Amino acid sequence: LWIFILLTLNHSINAQDFLESRIKKIAQKDGLASSKVNVIFKDSHNFVWLGTDNGLDRFDGKTINHFCVSSSCEGGTDNAYIKAIFESSDGRLWIGSKEGMAYFNRNSQEFIQVDSIDLHVLCFSEDSDGNLIIGAETGGYILPKGQKEVQPLVAFWDFKESISEHTSPVSSVFVDSKGLIWLGSWDYGLQIFDPVNGKAELVSEKLGITKEEEKIGGVLSIKEGPDG
């Protein structure tokens, strides 16, 4: 794993010196749980979290610490397959894996498993009300703010034009500035859910893309530009 730190330079610098001073290689010999890193996330405390196919690591710039996030963790070892890392607006760090999801208790320095779900979690986002939006292999879900029970997305808002049968698996999720929830699927393209009017729309249908064409590739990331 290579971590690149990019800085704005106000003066010229020798390329070799720059590479040696700004690039650090982290390997299993340094304590990394696995050479296969699925997700990298820097939190508000400036820790770098590394989700691998063999558990979760945290890098503070010098050392690597391993954290247990699954219920099967024994003796400080954990082989959880980490797919998603997300920090919500309240500063809580969330981890998504094949075994479900967990959040970090910064006081005890431990992860607490959310026992109400049995999901293979792939991604996270958050709406303006602080509800956690979850993308999983079996569709879109929501963890309402202040609650402990995860619910299917379409059931929570009672979408009148549900297309939930086309949401598996949700490989990316994003809440835009208008409050619309975008779900990117591996097999069924891009969808938009509007919580205000209870409508759901399959974008590919609107663009005239056939179901055969949808399955050519998946939507891995969704972002909003500065112009909205």
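Residues: numbered from 1 along the sequence shown. Bear in mind the structure is a predicted one, so any value in this text is a computation, not a measurement.
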Q.
Working to the nearest 0.5 angstrom, can you tell me the gap between Lys199 NZ and Ile192 CD1?
A. 13.0 Å
Q: Nearest 0.5 Å please: distance from the OG1 atom of Thr138 over to the NE2 atom of His120.
A: 10.0 Å
Q) What heavy-atom pair brings Ile64 and Gly31 nearest, and what distance separates the two atoms? A) CG2-O, 3.8 Å
Q) Looking only at heavy atoms, which two atoms of Ala33 and Thr52 are closest? And how far apart? A) CB-OG1, 3.8 Å
Q | Sequence neighbours excluded, every pair satisfying side chain to side chain donor-acceptor pair (under 3.5 Å) that has a member inside residues 172-182 | A | Asp176-Trp182, Ser177-Glu224
Q) Looking at side-chain heavy atoms only, is the closest gap between Lys36 and Tyr81 below 4.5 Å? A) yes
Q: Give the C-alpha distance, both sets of side-chain angles, the deciding distance and a yes or no for side chain to side chain contact (heavy atoms under 4.5 Å, CB included) between Phe193 and Leu183.
A: CA-CA 8 Å; Phe193 288 81; Leu183 299 182; 3.1 Å; yes
Q: Check the pair Leu153, Ile133 against side chain to side chain contact (heavy atoms under 4.5 Å, CB included), reporting the backbone distance first and the verdict last.
A: CA-CA 8 Å; Leu153 195 63; Ile133 312 300; 4.3 Å; yes
(Q) Tell me whether Glu99 contacts the main-chain N or O of Ala80 through its side chain, where contact means a donor paired with an acceptor under 3.5 Å. (A) no
Q) Under 3.5 Å, is there a donor-acceptor pair between the side chain of Ser34 and the main chain of Asp53? A) no
Q.
Testing the basics here: between Met101 and Leu132, what is the closest heavy-atom pair and its distance to 0.1 Å?
A. CE-CD2, 3.6 Å
Q: Over all heavy atoms of both residues, which pair between Asp43 and His45 is shortest? Give the atoms and the distance, please.
A: OD1-N, 2.8 Å
Q | Ring centres under 6.0 angstrom apart (Phe104, Trp49) | A | yes
**Q.** 4.5 Å side-chain heavy-atom contact, Ile142 and Ile134
**A.** no
Q.
Does any part of the side chain of Arg58, heavy atoms only, come nearer than 4.5 Å to the side chain of Thr63, both counted from C-beta?
A. no
Q: State whether a side-chain donor-acceptor pair under 3.5 Å links Glu126 with Ser89.
A: yes
Q) Hey, does the side chain of Gln109 reach the backbone of Arg106 with a donor-acceptor pair shorter than 3.5 angstrom? A) yes
Q) Tell me, do Ser88 and Trp94 make a side-chain contact under 4.5 Å, heavy atoms counted? A) yes
Q: Indicate yes or no: at least one non-hydrogen side-chain atom of Phe67 is less than 4.5 angstrom from one of Asp57.
A: no
Q) NZ/Lys148 to CG/Leu143 distance, rounded to the nearest 0.5 angstrom? A) 11.0 Å
Q. So do Leu50 and Leu32 actually touch side chain to side chain, heavy atoms under 4.5 Å?
A. yes
Q) Counting distance only, does the side-chain N/O of Asp129 pair as donor-acceptor with the main-chain N or O of Asn131 below 3.5 Å? A) no
(Q) Do Phe124 and Leu122 sit in one hydrophobic cluster, given that two such residues count as connected whenever their side-chain heavy atoms are within less than 4.5 Å of each other, even indirectly? (A) no
Q. Measuring from Lys42:NZ to Glu87:CD, what's the distance to the nearest 0.5 Å?
A. 11.5 Å
**Q.** Spacing of Ile26 atom CD1 and Ser35 atom OG [to the nearest 0.5 Å]
**A.** 13.0 Å
Q. Which pair of heavy atoms, one from Ile222 and one from Gly184, lies closest together, and at what distance?
A. CD1-N, 3.7 Å
Q.
Is the shortest side-chain heavy-atom distance between Tyr103 and Leu93 below 4.5 Å?
A. no
Q) When rounded to the nearest 0.5 angstrom, what is the spacing between CZ in Phe59 and CG in Asp30? A) 8.0 Å
**Q.** Student check: side-chain heavy atoms of Phe111 and Leu56 closer than 4.5 Å
**A.** yes
Q.
How close do Ser185 and Ser171 get, counting heavy atoms only, and between which atoms?
A. C-OG, 3.6 Å
